[in-house]
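So the structure is just underneath, and the comments pick up after that.
Numbers restart at 1 for each chain; the letters A, B, ... are given by sequence-line order, proteins then strands. These numbers come from the heavy atoms of this one structure, side chains and all, not from hydrogens, waters or symmetry mates.
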There are 2 protein chains.
Amino acid sequence: MVSSQVLGERLDVTPAQIRKDLSYFGRFGKQGRGYDVLLLLGRLREILGLDRTWRVCLIGVGRLGQAIAEYGGFGPQGFHIVAIFDSDPNLVGRDLSRHQVKHVDDLEAFLRIHHVDIGIVAVPADAAQGVVDRLVGGGIHAILNYAPMLPHVPRNVAVRNIDPVLAMQSMTFHVKNYQTSAK
Amino acid sequence: MVSSQVLGERLDVTPAQIRKDLSYFGRFGKQGRGYDVLLLLGRLREILGLDRTWRVCLIGVGRLGQAIAEYGGFGPQGFHIVAIFDSDPNLVGRDLSRHQVKHVDDLEAFLRIHHVDIGIVAVPADAAQGVVDRLVGGGIHAILNYAPMLPHVPRNVAVRNIDPVLAMQSMTFHVKNYQTSAK
DNA sequence: TGGTGTGAACTTGTTCACAGCA
DNA sequence: TGCTGTGAACAAGTTCACACCA
(Lines give C-alpha, C1' and ligand atoms only; values in the text may rest on other atoms or scores of the structure.)
Protein backbone atom coordinates (compact mmCIF):
# COMPACT_ATOMS: atom_id res chain seq x y z
CA MET A 1 0.00 0.00 0.00
CA VAL A 2 1.11 3.54 -0.66
CA SER A 3 -0.44 6.85 0.43
CA SER A 4 -0.87 9.98 -1.67
CA GLN A 5 1.60 11.50 0.79
CA VAL A 6 4.39 9.09 -0.13
CA LEU A 7 3.51 9.10 -3.83
CA GLY A 8 3.68 12.89 -3.74
CA GLU A 9 7.11 12.89 -2.12
CA ARG A 10 8.44 10.54 -4.77
CA LEU A 11 7.05 12.59 -7.65
CA ASP A 12 7.59 16.06 -6.19
CA VAL A 13 3.92 16.96 -6.20
CA THR A 14 1.43 17.60 -3.40
CA PRO A 15 -0.64 14.73 -2.00
CA ALA A 16 -3.80 16.62 -2.96
CA GLN A 17 -2.60 16.69 -6.55
CA ILE A 18 -2.11 12.94 -6.54
CA ARG A 19 -5.59 12.33 -5.17
CA LYS A 20 -7.30 14.77 -7.56
CA ASP A 21 -5.53 13.33 -10.56
CA LEU A 22 -6.28 9.72 -9.68
CA SER A 23 -9.90 10.54 -8.83
CA TYR A 24 -10.33 11.70 -12.42
CA PHE A 25 -10.12 8.09 -13.52
CA GLY A 26 -11.84 6.35 -10.65
CA ARG A 27 -11.66 5.49 -6.97
CA PHE A 28 -8.58 3.38 -6.57
CA GLY A 29 -7.78 4.10 -2.95
CA LYS A 30 -9.09 2.87 0.36
CA GLN A 31 -9.69 5.33 3.17
CA GLY A 32 -7.27 4.96 6.01
CA ARG A 33 -5.07 2.61 3.96
CA GLY A 34 -4.00 4.36 0.78
CA TYR A 35 -3.57 2.81 -2.65
CA ASP A 36 -2.72 -0.81 -3.38
CA VAL A 37 0.46 -0.49 -5.41
CA LEU A 38 -0.12 -3.45 -7.71
CA LEU A 39 -3.76 -2.61 -8.29
CA LEU A 40 -2.96 1.04 -8.99
CA LEU A 41 -0.14 0.12 -11.34
CA GLY A 42 -2.36 -2.31 -13.21
CA ARG A 43 -5.25 0.12 -13.56
CA LEU A 44 -2.97 2.94 -14.67
CA ARG A 45 -1.29 0.74 -17.25
CA GLU A 46 -4.71 -0.12 -18.65
CA ILE A 47 -5.90 3.47 -18.63
CA LEU A 48 -2.74 4.77 -20.27
CA GLY A 49 -2.75 1.96 -22.81
CA LEU A 50 0.58 0.56 -21.64
CA ASP A 51 -0.86 -2.97 -21.45
CA ARG A 52 -1.13 -3.43 -25.18
CA THR A 53 1.20 -3.20 -28.16
CA TRP A 54 1.39 -0.31 -30.59
CA ARG A 55 2.23 -0.33 -34.28
CA VAL A 56 4.81 2.23 -35.24
CA CYS A 57 6.28 3.35 -38.55
CA LEU A 58 9.63 5.07 -38.99
CA ILE A 59 10.36 7.65 -41.67
CA GLY A 60 13.99 8.50 -42.34
CA VAL A 61 16.91 6.10 -42.51
CA GLY A 62 19.86 8.43 -42.01
CA ARG A 63 22.25 7.87 -39.12
CA LEU A 64 19.55 8.78 -36.63
CA GLY A 65 16.85 6.72 -38.32
CA GLN A 66 19.12 3.68 -38.38
CA ALA A 67 19.91 4.09 -34.71
CA ILE A 68 16.19 4.27 -33.94
CA ALA A 69 15.44 1.19 -36.07
CA GLU A 70 18.09 -0.78 -34.22
CA TYR A 71 17.31 0.62 -30.77
CA GLY A 72 16.17 -2.19 -28.52
CA GLY A 73 14.24 -0.07 -26.04
CA PHE A 74 10.93 0.26 -27.83
CA GLY A 75 9.97 -3.38 -28.24
CA PRO A 76 9.92 -4.36 -24.55
CA GLN A 77 7.51 -1.47 -23.90
CA GLY A 78 5.12 -2.63 -26.60
CA PHE A 79 6.14 -0.36 -29.47
CA HIS A 80 6.79 -2.36 -32.62
CA ILE A 81 8.11 -0.91 -35.84
CA VAL A 82 6.04 -2.34 -38.68
CA ALA A 83 7.42 -0.34 -41.60
CA ILE A 84 10.31 1.93 -42.52
CA PHE A 85 10.33 4.66 -45.19
CA ASP A 86 12.85 6.97 -46.86
CA SER A 87 12.99 9.16 -49.96
CA ASP A 88 16.56 8.28 -50.99
CA PRO A 89 16.50 5.83 -53.95
CA ASN A 90 19.82 4.43 -52.72
CA LEU A 91 18.20 3.41 -49.44
CA VAL A 92 14.76 2.33 -50.66
CA GLY A 93 14.68 -1.44 -51.06
CA ARG A 94 17.48 -2.09 -48.59
CA ASP A 95 16.91 -4.13 -45.49
CA LEU A 96 17.06 -2.57 -42.06
CA SER A 97 16.31 -4.57 -38.90
CA ARG A 98 14.05 -7.05 -40.72
CA HIS A 99 12.23 -4.42 -42.80
CA GLN A 100 12.64 -3.54 -46.42
CA VAL A 101 12.82 0.25 -46.65
CA LYS A 102 9.85 1.60 -48.62
CA HIS A 103 9.62 4.86 -50.52
CA VAL A 104 8.03 7.68 -48.56
CA ASP A 105 5.72 8.36 -51.52
CA ASP A 106 4.00 5.09 -50.63
CA LEU A 107 3.46 6.16 -47.02
CA GLU A 108 -0.17 7.26 -47.27
CA ALA A 109 -1.12 4.24 -49.36
CA PHE A 110 0.53 2.00 -46.79
CA LEU A 111 -1.31 3.69 -43.94
CA ARG A 112 -4.64 3.18 -45.69
CA ILE A 113 -4.05 -0.56 -45.87
CA HIS A 114 -2.15 -1.30 -42.66
CA HIS A 115 -3.12 -0.01 -39.27
CA VAL A 116 -0.39 2.12 -37.71
CA ASP A 117 -0.73 3.95 -34.39
CA ILE A 118 2.36 6.15 -34.17
CA GLY A 119 4.82 7.68 -36.64
CA ILE A 120 8.45 8.46 -35.90
CA VAL A 121 9.94 11.25 -37.99
CA ALA A 122 13.71 11.14 -38.43
CA VAL A 123 14.22 13.17 -41.59
CA PRO A 124 16.03 16.50 -42.09
CA ALA A 125 14.21 19.59 -40.81
CA ASP A 126 13.28 20.85 -44.26
CA ALA A 127 11.56 17.56 -45.14
CA ALA A 128 9.86 17.03 -41.79
CA GLN A 129 6.67 19.06 -42.27
CA GLY A 130 5.97 17.21 -45.51
CA VAL A 131 6.35 13.86 -43.79
CA VAL A 132 4.21 15.00 -40.87
CA ASP A 133 1.49 16.10 -43.29
CA ARG A 134 1.54 12.68 -44.94
CA LEU A 135 1.28 10.94 -41.58
CA VAL A 136 -1.64 13.14 -40.58
CA GLY A 137 -3.22 12.63 -44.00
CA GLY A 138 -2.86 8.89 -43.47
CA GLY A 139 -4.82 9.07 -40.24
CA ILE A 140 -1.98 8.98 -37.71
CA HIS A 141 -2.76 10.70 -34.40
CA ALA A 142 0.60 10.51 -32.64
CA ILE A 143 4.02 11.58 -33.89
CA LEU A 144 7.45 11.34 -32.31
CA ASN A 145 9.48 14.01 -34.06
CA TYR A 146 13.28 13.96 -34.07
CA ALA A 147 13.63 16.73 -36.67
CA PRO A 148 14.84 20.04 -35.22
CA MET A 149 11.64 21.96 -35.96
CA LEU A 150 8.18 22.24 -34.44
CA PRO A 151 5.69 20.68 -36.83
CA HIS A 152 2.27 22.08 -37.52
CA VAL A 153 -0.52 19.58 -36.85
CA PRO A 154 -4.28 19.62 -36.23
CA ARG A 155 -5.24 19.76 -32.58
CA ASN A 156 -6.28 16.10 -32.55
CA VAL A 157 -2.74 14.93 -33.29
CA ALA A 158 -0.27 14.51 -30.41
CA VAL A 159 3.34 15.41 -31.10
CA ARG A 160 6.41 14.89 -28.94
CA ASN A 161 9.63 16.54 -30.03
CA ILE A 162 13.03 15.10 -29.30
CA ASP A 163 15.49 17.90 -29.90
CA PRO A 164 18.48 18.06 -27.56
CA VAL A 165 19.53 21.50 -28.79
CA LEU A 166 16.09 22.95 -28.13
CA ALA A 167 16.11 21.26 -24.74
CA MET A 168 19.44 22.95 -23.95
CA GLN A 169 18.21 26.31 -25.20
CA SER A 170 15.12 26.02 -23.04
CA MET A 171 17.36 25.90 -19.95
CA THR A 172 19.70 28.82 -20.65
CA PHE A 173 17.24 31.44 -19.40
CA HIS A 174 16.99 29.60 -16.11
CA VAL A 175 20.76 29.24 -15.78
CA LYS A 176 21.33 32.89 -16.67
CA ASN A 177 18.84 34.12 -14.11
CA TYR A 178 20.18 31.78 -11.53
CA GLN A 179 23.75 32.88 -12.00
CA THR A 180 23.02 36.61 -11.91
CA SER A 181 20.45 36.75 -9.12
CA ALA A 182 21.23 33.55 -7.21
CA LYS A 183 17.45 33.18 -6.91
CA MET B 1 7.63 43.75 -39.38
CA VAL B 2 5.34 41.07 -37.98
CA SER B 3 2.11 41.37 -35.99
CA SER B 4 1.08 39.33 -32.97
CA GLN B 5 -1.66 38.04 -35.26
CA VAL B 6 0.81 36.49 -37.72
CA LEU B 7 3.17 35.32 -35.00
CA GLY B 8 0.22 33.63 -33.31
CA GLU B 9 -0.80 31.82 -36.48
CA ARG B 10 2.71 30.50 -36.97
CA LEU B 11 3.02 29.27 -33.41
CA ASP B 12 -0.57 28.09 -32.91
CA VAL B 13 -1.28 30.49 -30.06
CA THR B 14 -3.60 33.47 -29.76
CA PRO B 15 -2.34 36.97 -30.62
CA ALA B 16 -3.18 38.07 -27.07
CA GLN B 17 -0.92 35.36 -25.73
CA ILE B 18 1.95 36.57 -27.89
CA ARG B 19 1.52 40.15 -26.69
CA LYS B 20 1.17 39.22 -23.02
CA ASP B 21 4.22 37.00 -23.12
CA LEU B 22 6.41 39.55 -24.87
CA SER B 23 5.19 42.36 -22.61
CA TYR B 24 6.64 40.43 -19.68
CA PHE B 25 10.12 41.27 -20.93
CA GLY B 26 9.55 44.74 -22.32
CA ARG B 27 7.85 46.78 -25.01
CA PHE B 28 9.24 45.55 -28.27
CA GLY B 29 6.36 46.44 -30.59
CA LYS B 30 5.14 49.60 -32.25
CA GLN B 31 1.44 50.40 -32.25
CA GLY B 32 -0.11 50.11 -35.66
CA ARG B 33 3.00 48.44 -37.08
CA GLY B 34 3.76 45.31 -35.08
CA TYR B 35 7.17 43.94 -34.12
CA ASP B 36 10.41 44.50 -36.02
CA VAL B 37 11.49 40.94 -36.75
CA LEU B 38 15.24 41.51 -36.49
CA LEU B 39 14.95 43.64 -33.37
CA LEU B 40 12.64 41.12 -31.70
CA LEU B 41 14.86 38.23 -32.63
CA GLY B 42 17.92 40.01 -31.27
CA ARG B 43 16.29 40.99 -28.00
CA LEU B 44 14.85 37.51 -27.46
CA ARG B 45 18.21 35.90 -28.14
CA GLU B 46 19.75 38.18 -25.52
CA ILE B 47 16.99 37.55 -22.99
CA LEU B 48 17.09 33.80 -23.47
CA GLY B 49 20.88 33.75 -23.38
CA LEU B 50 21.21 32.41 -26.89
CA ASP B 51 23.75 35.11 -27.80
CA ARG B 52 26.53 33.67 -25.68
CA THR B 53 28.31 30.36 -25.36
CA TRP B 54 27.70 27.79 -22.64
CA ARG B 55 30.10 25.35 -21.07
CA VAL B 56 28.81 21.80 -20.94
CA CYS B 57 30.12 18.60 -19.43
CA LEU B 58 29.12 15.11 -20.50
CA ILE B 59 28.91 12.14 -18.17
CA GLY B 60 28.74 8.69 -19.72
CA VAL B 61 30.70 7.42 -22.70
CA GLY B 62 28.64 4.43 -23.77
CA ARG B 63 27.18 4.27 -27.25
CA LEU B 64 24.86 7.14 -26.51
CA GLY B 65 27.51 9.26 -24.79
CA GLN B 66 29.88 8.79 -27.71
CA ALA B 67 27.19 9.82 -30.17
CA ILE B 68 26.52 12.94 -28.10
CA ALA B 69 30.23 13.79 -27.88
CA GLU B 70 30.55 13.53 -31.63
CA TYR B 71 27.26 15.21 -32.46
CA GLY B 72 27.90 18.40 -34.39
CA GLY B 73 24.67 20.16 -33.55
CA PHE B 74 25.55 21.66 -30.17
CA GLY B 75 28.59 23.73 -31.14
CA PRO B 76 26.91 26.01 -33.68
CA GLN B 77 24.29 26.92 -31.08
CA GLY B 78 26.89 27.90 -28.52
CA PHE B 79 27.04 24.74 -26.42
CA HIS B 80 30.62 23.56 -25.98
CA ILE B 81 31.62 20.36 -24.27
CA VAL B 82 34.53 21.15 -21.96
CA ALA B 83 34.93 17.81 -20.19
CA ILE B 84 33.81 14.20 -20.43
CA PHE B 85 33.47 11.71 -17.57
CA ASP B 86 32.82 8.00 -17.09
CA SER B 87 33.18 5.44 -14.34
CA ASP B 88 34.53 2.58 -16.46
CA PRO B 89 38.32 2.22 -15.91
CA ASN B 90 38.63 0.92 -19.47
CA LEU B 91 37.26 4.18 -20.82
CA VAL B 92 38.83 6.67 -18.39
CA GLY B 93 41.95 8.14 -19.95
CA ARG B 94 40.89 7.50 -23.53
CA ASP B 95 40.42 10.35 -25.96
CA LEU B 96 37.00 11.22 -27.28
CA SER B 97 36.46 14.19 -29.60
CA ARG B 98 39.52 16.08 -28.30
CA HIS B 99 38.85 15.33 -24.62
CA GLN B 100 40.54 12.86 -22.35
CA VAL B 101 37.80 10.99 -20.49
CA LYS B 102 38.03 11.70 -16.74
CA HIS B 103 36.78 9.54 -13.90
CA VAL B 104 33.36 10.51 -12.62
CA ASP B 105 34.75 10.51 -9.08
CA ASP B 106 36.62 13.66 -10.06
CA LEU B 107 33.47 15.38 -11.29
CA GLU B 108 32.75 17.53 -8.24
CA ALA B 109 36.39 18.54 -7.88
CA PHE B 110 36.45 19.49 -11.55
CA LEU B 111 33.30 21.57 -11.17
CA ARG B 112 34.80 23.45 -8.23
CA ILE B 113 37.75 24.55 -10.35
CA HIS B 114 36.26 24.98 -13.81
CA HIS B 115 33.06 26.83 -14.51
CA VAL B 116 30.46 24.60 -16.16
CA ASP B 117 26.90 25.70 -16.97
CA ILE B 118 25.12 22.53 -18.04
CA GLY B 119 25.58 18.79 -17.46
CA ILE B 120 24.52 16.07 -19.88
CA VAL B 121 23.77 12.72 -18.25
CA ALA B 122 24.17 9.69 -20.52
CA VAL B 123 24.69 6.87 -18.03
CA PRO B 124 22.49 3.83 -17.29
CA ALA B 125 19.30 4.52 -15.34
CA ASP B 126 20.58 3.01 -12.11
CA ALA B 127 23.64 5.28 -12.08
CA ALA B 128 21.85 8.45 -13.18
CA GLN B 129 20.60 9.76 -9.83
CA GLY B 130 24.09 9.51 -8.39
CA VAL B 131 25.54 11.49 -11.28
CA VAL B 132 22.74 14.06 -11.02
CA ASP B 133 23.47 14.47 -7.31
CA ARG B 134 27.13 15.08 -8.05
CA LEU B 135 26.27 17.67 -10.69
CA VAL B 136 23.93 19.44 -8.29
CA GLY B 137 26.53 19.20 -5.54
CA GLY B 138 29.02 20.76 -7.90
CA GLY B 139 26.77 23.76 -8.42
CA ILE B 140 25.22 22.87 -11.79
CA HIS B 141 21.75 24.36 -12.36
CA ALA B 142 20.79 22.75 -15.66
CA ILE B 143 20.81 19.08 -16.63
CA LEU B 144 20.01 17.36 -19.90
CA ASN B 145 19.12 13.82 -18.90
CA TYR B 146 19.20 10.96 -21.38
CA ALA B 147 18.79 8.24 -18.75
CA PRO B 148 15.34 6.60 -18.76
CA MET B 149 14.32 7.85 -15.31
CA LEU B 150 13.10 11.12 -13.81
CA PRO B 151 15.82 12.50 -11.56
CA HIS B 152 15.18 14.15 -8.23
CA VAL B 153 16.62 17.68 -8.06
CA PRO B 154 16.15 20.82 -5.95
CA ARG B 155 13.66 23.29 -7.39
CA ASN B 156 16.42 25.64 -8.51
CA VAL B 157 17.82 23.07 -10.95
CA ALA B 158 16.30 22.80 -14.42
CA VAL B 159 16.09 19.33 -15.95
CA ARG B 160 15.09 18.29 -19.46
CA ASN B 161 14.59 14.61 -20.09
CA ILE B 162 15.24 13.00 -23.43
CA ASP B 163 13.53 9.64 -23.31
CA PRO B 164 11.91 8.45 -26.53
CA VAL B 165 10.09 5.58 -24.82
CA LEU B 166 8.54 7.90 -22.25
CA ALA B 167 7.59 10.26 -25.07
CA MET B 168 5.84 7.40 -26.86
CA GLN B 169 4.09 6.28 -23.69
CA SER B 170 2.87 9.82 -23.08
CA MET B 171 0.96 9.67 -26.37
CA THR B 172 -0.77 6.30 -26.06
CA PHE B 173 -3.59 7.65 -23.89
CA HIS B 174 -4.35 10.23 -26.55
CA VAL B 175 -4.25 7.69 -29.38
CA LYS B 176 -6.44 5.27 -27.45
CA ASN B 177 -9.08 7.88 -26.71
CA TYR B 178 -8.96 9.13 -30.24
CA GLN B 179 -9.44 5.71 -31.75
CA THR B 180 -12.34 4.70 -29.52
CA SER B 181 -14.33 7.93 -29.41
CA ALA B 182 -13.09 9.65 -32.59
CA LYS B 183 -13.09 12.83 -30.48
C1' DT C 1 -7.36 6.85 13.56
C1' DG C 2 -5.46 7.58 8.95
C1' DG C 3 -6.03 8.66 4.52
C1' DT C 4 -9.29 8.97 0.51
C1' DG C 5 -12.44 11.68 -2.49
C1' DT C 6 -14.28 16.04 -3.33
C1' DG C 7 -16.63 20.65 -3.10
C1' DA C 8 -15.07 25.20 -2.15
C1' DA C 9 -11.41 28.67 -1.94
C1' DC C 10 -7.70 30.23 -4.02
C1' DT C 11 -4.08 30.87 -7.46
C1' DT C 12 -2.32 30.89 -11.90
C1' DG C 13 -2.75 31.51 -16.57
C1' DT C 14 -5.49 32.97 -20.78
C1' DT C 15 -8.51 35.83 -23.35
C1' DC C 16 -11.03 40.01 -23.92
C1' DA C 17 -11.50 44.57 -25.03
C1' DC C 18 -10.03 49.00 -25.37
C1' DA C 19 -7.09 53.34 -24.48
C1' DG C 20 -3.46 55.25 -26.74
C1' DC C 21 0.28 55.79 -29.87
C1' DA C 22 2.64 55.87 -34.67
C1' DT D 1 -6.36 53.41 -38.97
C1' DG D 2 -3.93 49.29 -37.20
C1' DC D 3 -1.86 47.09 -33.77
C1' DT D 4 0.45 47.24 -29.23
C1' DG D 5 0.34 46.94 -24.16
C1' DT D 6 -2.47 46.16 -20.33
C1' DG D 7 -6.14 46.13 -16.76
C1' DA D 8 -10.23 43.54 -16.11
C1' DA D 9 -13.00 39.36 -16.91
C1' DC D 10 -12.79 34.78 -17.33
C1' DA D 11 -11.13 29.95 -17.34
C1' DA D 12 -8.24 26.36 -15.81
C1' DG D 13 -5.69 24.23 -12.55
C1' DT D 14 -4.06 23.63 -7.66
C1' DT D 15 -4.55 23.50 -2.82
C1' DC D 16 -7.36 23.41 1.22
C1' DA D 17 -10.09 21.30 4.47
C1' DC D 18 -13.25 18.15 5.88
C1' DA D 19 -17.04 14.49 5.60
C1' DC D 20 -16.74 9.84 5.47
C1' DC D 21 -15.18 5.22 5.38
C1' DA D 22 -12.18 0.98 6.56
#### Entry: OP1 or OP2 of D/dT14 under 4.0 Å from side-chain N/O of A/Q17
yes

### Message
Which is more 5' along DNA chain D, the nucleotide nearest A/R33 or the one nearest A/D21? Just name the residue.
### Response
A/D21

### Message
So, applying side-chain contact (heavy atoms from CB on, under 4.5 Å) with B/V61, which one of B/L96, B/I68, B/D88 is it?
### Response
B/L96

### Query
Any side-chain N or O of B/R27 under 4.0 Å from OP1/OP2 of D/dT6?
yes

## Note on the structure
Among C/dG3, C/dG5, C/dA17, the one nearest any side-chain atom of B/R19 is C/dA17

### Summary
Judged by nearest nucleotide, the residue sitting upstream toward the 5' end of DNA chain C, A/G32 or A/A16, is A/G32

### Query
When you match B/K30 and A/G26 each to their closest nucleotide on DNA chain C, which lands nearer the 5' end?
A/G26

### Summary
Against the side chain of B/S23, the closest entry in D/dG5, D/dG2, D/dT15 is D/dG5

### Summary
Separation of D/dC21 atom C1' from A/Q31 atom CD, nearest Å, is 4 Å

### Message
From CG of A/L39 over to C1' of D/dA22, roughly how many Å is that when rounded to an integer?
### Response
16 Å

### Query
Just how far, in rounded Å, is P of D/dT6 from CZ of B/F28?
11 Å

### Length of the line joining A/Y24:OH and C/dT4:C1', which is rounded to integer Å
20 Å

### From D/dT4, D/dC21, C/dG5, nucleotide with atom closest to A/Y35 side chain
C/dG5

### Query
Could you give the CG-to-P distance, from A/D12 to D/dT14, as a whole number of Å?
15 Å

### Task
Report yes or no: do B/D12 and A/H152 form a side-chain donor-acceptor pair below 3.5 Å?
yes

### Which nucleotide in D/dT15, C/dT6, C/dT4 has an atom nearest any side-chain atom of A/S3
C/dT4

### Query
Would you call the rings of A/F74 and A/Y71 parallel, tilted or perpendicular if under 30° counts as parallel and over 60° as perpendicular?
perpendicular

### Task
For D/dT4, take OP1 and OP2 only and decide whether either is under 4.0 Å from a side-chain N or O of B/S4.
yes

### 4.5 Å side-chain heavy-atom contact, A/M171 and B/H141
no

### Message
What is the distance, to the nearest angstrom, from the CG atom on B/L7 to the P atom on D/dC3?
### Response
13 Å

### Task
Could you tell me the separation between the CZ atom of B/F25 and the C1' atom of D/dT6, rounded to a whole number of Å?
17 Å

### Message
Can a side-chain donor-acceptor contact be found between A/Q5 and A/E9 if the only test is distance below 3.5 angstrom?
### Response
yes

### 5' priority, DNA chain D, between B/V2 and A/K20 [closest heavy atom]
B/V2

### Gap between atoms CG and P, on B/L22 and C/dT14 respectively (whole Å)
13 Å

